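Worksheet for the structure shown next.
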Amino acid sequence: MKQKHATTPSLDTLFIKTYGCQMNEYDSSRMADLMHKAYGLRLVAKPEDADVILMNTCSIREKAEDKVYSELGRYRKLKDKNPNMIIGVGGCVGQQEGERIQQRAPYVDAVFGPQSYHQLPEMIHKIRRERVNVTAIDMPEIEKFDHLPTPKGHGSVGFVTIAEGCDKFCTFCVVPYTRGPELSRPVNDILQECQKLLDAGMIEISLLGQNVNAYRGLGPDDEEWDFTMLLYAVAKLDGLKRLRFSTSHPMEMTDELAIAFGELPTLMPYLHLPVQSGSDAILKAMHRGHTRDDYFPIIDDLRKHCPDIALSSDFIVGYPGETNEDFEQTLDLVRRVNYDFAYCFKYSPRPGTPASKSEDNVSEAIKDKRLQRLLELTREQTRAAMKNQIGRTVDVLVEKESKHAGELQGRTADYRIVHFQGQPRQIGQIMPIRITESYGQSLRGELILA
Ligand code: SAH
Ligand code: SF4
Ligand code: F3S
């Protein structure tokens, strides 16, 4: 409902700036739904057009806080011109920094974390009524999901968070501190949310969690369901054409999950399975819970059940104590697995994590050199896998207009980006495309007309 009062001008527009992972993207869209329901707010594309600005932040890697404060500096100028503007900082930096944000940037009205954004309508009400700053960074046991309106969704791909938080405590990672303990949503809630998105016209569902395959939720039979059981249930929903999930942990991989890739026609043949390092000493120091020799059979099993599966991983170079020999082990693992995509990062100490107590003793120059070598190898693998696609006819879910005029962009089943000449009305459909060219990170093709 819109508030109209002489001393409280109406709020009409909302701008959300999102950083970080897909779970933050999901949270931002839920915040938009929530603010629309509570205040009738309409999303705008530029902060200067907004009455409410929300930042949904990420603190996974270095300089996260600096980035937030420099962006806030821009918003401060907008607020000088429009003093009724409300500025909120949410997400993982909000959770970690809490009231420190308002101490450094007093023009910030609200600070909140990933588990408390369902309180936004009350927070905004309080800010407007009492003209005070508010902070909500508690991690309530009750699920925020119970307080969120039905997702509206738009486009053809819907994201659904199935589990929150993480209990793995990898030594380098802030997520267990920013998102809290691992909590799985009940199966029925997830199925209902997926069905609503499908009924709204989406055809692909992507299930999200920091450790999505660690899912253990309450089933409709009052028993605990694991991730594979949930997958089979989602795969049966009416209207579903494509099913994906991210991110998986090697320790939570099961044979049943590998079999599902072979059995479920809607489960797309792509898996992101981060290993971080190929050195046993570093894996142990990172507290990843497995060795390099535990990882290879998982990959073999996946390829046995689904020979065309595309695989990707995240890597960290320059973890404290990483020697040249450790790094060579990572290169060796990459050569043996042969990834379709890889995401490579230089280690950066994060506040509050166990690794940040060890000396960050690999020099920046060596981190740069190792990153460069790893990128050369993984980019070569990506390039070769892309080249392999030439001549194939593949199904592409058309997602949007591409940056090149007259062209559309979509994804293959195995998550490769394809550009082709097409009509905007084809957006949202799955079209057969013959691949004609490959680039480092994407493909070009032509539409096959029936
Ligand atoms: N839950 C996922 C990944 C979460 S974070 C998993 O377990 O794999 C995404 C990626 O960021 C991680 O896989 C890791 O490669 C990278 N990352 C996390 N913390 C980091 C740090 N302190 N320095 C550098 N990279 C980091
Ligand atoms: Fe972070 Fe490890 Fe949890 Fe992934 S599994 S979110 S890297 S602590
Ligand atoms: Fe970043 Fe938080 Fe996601 S730290 S990666 S936004 S869980």
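One-based numbering, in listed order, for ligands and for the atoms of each. Keep in mind it's a predicted model, so treat the numbers as computed, not measured. Note that the numbering runs from 1 along the sequence shown for the chain.
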What part of [X], side chain, backbone, both or neither, has a heavy atom within less than 4.0 angstrom of ligand 2?
X: Phe169; answer: backbone
X: Cys170; answer: both
X: Pro274; answer: neither
X: Thr247; answer: neither

Open item on the list: Once you restrict to heavy atoms under 4.0 Å, what part of Met251 touches ligand 1? Side chain, backbone, both or neither.
Closed with: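 Looking at Met251 and ligand 1, no heavy atom falls under 4.0 Å.
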Task: Candidates Met268, Glu399, Glu204 - the one meeting side chain to side chain contact (heavy atoms under 4.5 Å, CB included) with Arg411 - done: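 Among Met268, Glu399, Glu204, the one that satisfies the side chain to side chain contact (heavy atoms under 4.5 Å, CB included) with Arg411 is Glu399.
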Task: Between Thr353 and Tyr177: side-chain donor-acceptor atoms closer than 3.5 Å - done: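 No donor-acceptor contact under 3.5 Å links the two side chains.
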- [ ] Mark up the atoms of ligand 3 that fall under 4.0 Å of a heavy atom belonging to Cys92, in ascending order.
- [x]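 Per the distance check, 2 (Fe), 4 (S), 6 (S), 7 (S).
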TODO: Using a strict 4.0 Å cut-off to heavy atoms of Gln210, name the atoms of ligand 3 that fall inside it.
DONE: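 That gives atoms 3 (Fe), 7 (S) of ligand 3.
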Task: Option whose closest heavy atom lies nearest to atom 13 (O) of ligand 1, chosen from Asp314, Val175, Thr171 - done: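 The residue whose heavy atom sits nearest atom 13 (O) of ligand 1 is Asp314.
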Task: Winner among Thr18, Asn24, Val174 once heavy atoms are compared against atom 6 (S) of ligand 3 - done: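 The option holding the nearest heavy atom is Asn24.
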Open item on the list: Would Arg179 count as a contact residue for ligand 2, given that I'm defining contact as a non-hydrogen atom of the residue lying under 4.0 Å from a ligand atom?
Closed with: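 No, that is not the case, since the closest heavy atom of the residue is not under 4.0 Å from the ligand.
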Task: Close aromatic pair by centroid cut-off 6.0 Å: His272 and Tyr343 - done: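 Between His272 and Tyr343, the centre distance is under 6.0 Å.
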Open item on the list: Regarding Asp109 and Lys79, does a basic nitrogen lie under 4.0 Å from an acidic carboxylate oxygen?
Closed with: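 Lys79 and Asp109: salt-bridged.
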TODO: Check whether any side-chain heavy atom of Tyr69 sits under 4.5 Å from a side-chain heavy atom of Ile101, and report yes or no.
DONE: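 Answer yes - side chains close enough.
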Task: Ile60 neighbourhood, listing ligand 1 atoms whose heavy-atom distance to it stays under 4.0 Å - done: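 Listed by number with element, the hits are 5 (S), 11 (O), 18 (C), 19 (N), 20 (C), 21 (C), 22 (N).
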Task: Identity and separation of the nearest protein heavy atom to atom 1 (Fe) of ligand 2 - done: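 Checked against all protein heavy atoms, atom 1 (Fe) of ligand 2 sits closest to Cys173 SG, 2.3 Å.
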Open item on the list: Does the residue Ser59 have a heavy-atom contact with ligand 3, meaning some pair of atoms that are separated by less than 4.0 Å?
Closed with: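 Ser59 counts as a contact of ligand 3 under the 4.0 Å cut-off.
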